[in-house]
Q: 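Before we start, here is the structure in question, set down as structure tokens.
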Amino acid sequence: MIVVLKANTNKEKKTQLIDWLKGMGLGTHISEGEYQTVIGLIGDTSKVDMDLLESLDIVDSVKRVSETFKCCNRKFHPDDTIVEVGNVKIGGGNFCMIAGPCSVESEEQIVEIAKSVKASGANLLRGGAFKPRTSPYDFQGLRAEGIDLLKIARQETGLPIITEIMNIRDLPLFDDVDVLQIGARNMQNFDLLKEVGKTGKPILLKRGLANTLKELLMSAEYIMSTGNEQVILCERGIRTFGDYTRNTLDLSAVPMLHELSHLPVIVDPSHATGIARLVSPMALAATACGADGLIVEVHNDPMHALCDGAQSLKPNEYDELVKKVNVVREALK
């Protein structure tokens with residue numbers, strides 16, 4: 001249920017209303033806009049008398065919300081959420097470029113890539129320390145050492161770092177990581193979602209390869225139910241009947257998620273296609289359809305990469321992509 005208050009509502013009366021609603025055992029999600037305040041009610045609202053609420057002099061309207069996701073629902077929060085990572089802003093008209101290798105392999109590798117992507121205009125550095133691989137015999141990442149190397153790259157470049165967490169027990173290792181990534185395989189690992197939410201850190205949540213948009217938003221709800229509103233949604237391709245690309249990039253998800261939710265939405269064209277030559281056109285298409293940012297895999301030596309070299313751009317290719325993305329963004333203004 002949503003309670004929309006009239007403009008210039010008396011602060012004392014608003015507080016009294018919120019306290020009364022909480023007294024009925026309901027959670028409240030307050031969204032303060034420029035012209036109105038929206039109170040989202042979370043819990044069993046069947047006992048709330050809508051007619052009584054609407055009769056209050058400070059209430060403009062009362063609506064029931066049928067969707068099961070509440071905190072991330074745009075009806076609860078009409079204005080775009082802007083996620084802040086240091087000086088970097090994502091969402092609400094702020095476009096973010098995230099780039100780096102699939103996996104951290106050495107100090108020389110991650111520092112060299114970090115410097116190159118920053119020079120091209122990247123805002124955040126990505127790099128996998130813990131790698132969920134389909135085969136148990138593939139490279140699994142440098143783990144704690146990989147996180148330490150990401151920190152060195154951050155010190156060298158000033159770029160905030162983002163890396164994937166796979167297990168709750170590893171959470172202490174991520175204390176000094178700027179953004180925690182939940183990968184596609186863990187999108188519905190609900191215990192993990194709740195624990196990363198409690199950190200208060202920005203969370204990049206990737207859509208599962210066989211999950212619906214509603215399921216993605218319900219996973220975001222798990223994180224936000226802890227009080228953490230710093231959530232970034234990521235479309236990274238889903239499994240379909242397509243047999244020439246790694247996944248099928250569902251770009252219709254971007255405007256649809258923006259319609260349903262106030263959270264920023266970024267796109268990962270690297271995992272979506274699995275083919276380096278397709279990354280640029282899909283990244284441009286993602287920009288054109290309203291994505292709030294891109295996360296692109298970049299490697300200084302893709303032929304010898306320990307993970308996903310086939311979908312990684314070389315630094316010079318990434319530099320060209322950033323220039324094209326900026327042209328598209330300028331055209332959209």
Side-chain angles (χ1 to χ4, degrees), residues 72 77 79-102 104 110-129 147 149-165 174-183 196-197 199-206 220 223-224 228-236 254 257-258 261-271 283-284 286-287 290-298 313 315 318-319 321-330 332-333:
C72 62
H77 193 298
D79 298 325
D80 290 341
T81 284
I82 299 175
V83 174
E84 299 190 30
V85 186
N87 294 324
V88 179
K89 294 182 178 181
I90 310 168
N94 301 283
F95 194 87
C96 179
M97 294 290 289
I98 306 171
C102 177
V104 180
I110 191 63
V111 171
E112 180 181 337
I113 296 172
K115 288 180 178 179
S116 69
V117 298
K118 181 180 181 181
S120 296
N123 309 110
L124 273 75
L125 173 68
R126 63 142 293 148
I147 293 179
L149 295 180
L150 281 169
K151 293 177 186 177
I152 292 173
R154 178 178 61 191
Q155 186 174 359
E156 290 284 331
T157 63
L159 289 176
I161 56 176
I162 172 172
T163 192
E164 181 174 351
I165 181 169
F174 290 74
D175 283 345
D176 199 24
V177 171
D178 300 295
V179 182
L180 305 185
Q181 176 180 308
I182 300 296
V196 297
T199 67
K201 291 178 178 288
I203 309 297
L204 174 65
L205 178 64
K206 286 195 167 187
I223 299 170
M224 298 182 72
N228 185 350
E229 297 187 357
Q230 299 290 288
V231 180
I232 307 159
L233 304 175
C234 180
E235 169 57 43
R236 46 81 66 201
V254 176
L257 286 170
H258 277 145
S261 176
H262 53 88
L263 298 176
V265 183
I266 70 169
V267 171
D268 177 353
S270 302
H271 281 92
L284 297 176
T287 305
D292 295 298
L294 299 167
I295 179 168
V296 177
E297 291 193 356
V298 180
L313 298 184
Y318 181 71
D319 189 67
L321 171 60
V322 174
K323 292 175 182 176
K324 292 177 182 177
V325 166
N326 289 334
V327 170
V328 173
R329 291 180 58 211
E330 188 65 29
L332 293 172
K333 291 182 180 178

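The residues of the chain are indexed from 1 along the displayed sequence.
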Q: By the definition side chain to side chain contact (heavy atoms under 4.5 Å, CB included), identify the one residue from Met97, Lys118, Lys89 that meets it with Asn123.
A: Met97
Q: Are the side chain of Lys201 and the backbone N or O of Asp175 linked by a donor-acceptor pair below 3.5 Å?
A: yes
Q: Would you say His258 and Asp292 are linked by a side-chain donor-acceptor pair, where the criterion is simply a distance under 3.5 Å?
A: yes
Q: Go through the steps to decide whether Val83 and Val231 satisfy the test side-chain contact (heavy atoms from CB on, under 4.5 Å), and finish with yes or no.
A: CA-CA 7 Å; Val83 174; Val231 180; over 6 Å; no
Q: Can you find a pair of side-chain heavy atoms, one from Arg126 and one from Ile295, that are under 4.5 Å apart?
A: yes
Q: Give me the atom names and distance for the closest heavy-atom approach of Pro202 to Asp178.
A: CD-O, 3.4 Å
Q: Measure across Leu263 and Ala220 and return the closest heavy-atom pair with its distance rounded to 0.1 Å.
A: CD1-CB, 4.1 Å
Q: Within the structure provided, determine whether Val179 and Ile161 are in side-chain contact (heavy-atom separation under 4.5 Å).
A: no
Q: Could you measure the distance from the CD atom of Gln181 to the CD1 atom of Ile162? Nearest 0.5 Å is fine.
A: 5.0 Å
Q: State whether Lys206 and Glu235 are salt-bridged, where the test is any N-O pair (Lys NZ or Arg NE/NH1/NH2 against Asp/Glu carboxylate O) under 4.0 Å.
A: no
Q: For residues Leu233 and Ile266, determine if any side-chain heavy atom of one lies less than 4.5 Å from a side-chain heavy atom of the other.
A: no
Q: For the CE atom of Met224 and the OG atom of Ser261, what is their distance to the nearest 0.5 Å?
A: 7.0 Å
Q: So, do Ile152 and Ile110 sit near enough that their side-chain heavy atoms are less than 4.5 Å apart?
A: no
Q: Hey, are the side chains of Val117 and Leu159 touching, using non-hydrogen atoms and a 4.5 Å cut-off?
A: yes
Q: Do Ile203 and Gln230 pass the side-chain contact (heavy atoms from CB on, under 4.5 Å) test, and can you show the C-alpha distance, the side-chain angles, and the key distance before you say yes or no?
A: CA-CA 6 Å; Ile203 309 297; Gln230 299 290 288; over 6 Å; no
Q: Measuring from Leu180:CG to Thr199:OG1, what's the distance to the nearest 0.5 Å?
A: 5.0 Å
Q: Do Phe95 and Ile90 have side-chain heavy atoms sitting under 4.5 Å apart?
A: no
Q: Taking all non-hydrogen atoms of both residues, which atom of Ser270 and which atom of Val296 are closest, and how far apart?
A: OG-CA, 3.7 Å
Q: Provide the closest heavy-atom pair for Ala286 versus Leu294 in the form atom of the first, atom of the second, distance.
A: CB-CD2, 3.8 Å
Q: To the nearest 0.5 Å, how far apart are CD in Glu297 and SG in Cys102?
A: 4.5 Å
Q: First locate atom CD1 of Ile182, then atom CG of Leu204, and finally report the distance between them rounded to the nearest 0.5 Å.
A: 9.0 Å
Q: Any side-chain to backbone donor/acceptor pair from Asn326 onto Val322? Under 3.5 Å, distance only.
A: yes
Q: Quick one: does any side-chain atom of Ser116 pair with a main-chain N or O of Ile113 as donor and acceptor, under 3.5 Å?
A: yes
Q: Taking all non-hydrogen atoms of both residues into account, name the closest pair between Ile98 and Cys96 and its distance.
A: CG1-SG, 3.8 Å
Q: Between the main-chain N or O of Arg236 and the side-chain N or O of Asp268, is there a donor-acceptor pair closer than 3.5 Å?
A: no
Q: Heavy-atom distance under 4.5 Å between the side chains of Phe174 and Thr163, does that happen here?
A: yes
Q: Let's go through Leu150 and Arg154 carefully: what are the C-alpha distance in whole Å and the side-chain angles of both, what is the deciding distance for side-chain contact (heavy atoms from CB on, under 4.5 Å) to 0.1 Å, and is it a yes or a no?
A: CA-CA 6 Å; Leu150 281 169; Arg154 178 178 61 191; over 6 Å; no
Q: List the atom of Leu125, the atom of Ala153, and the distance in Å for their closest heavy-atom pair.
A: CD2-CB, 3.6 Å
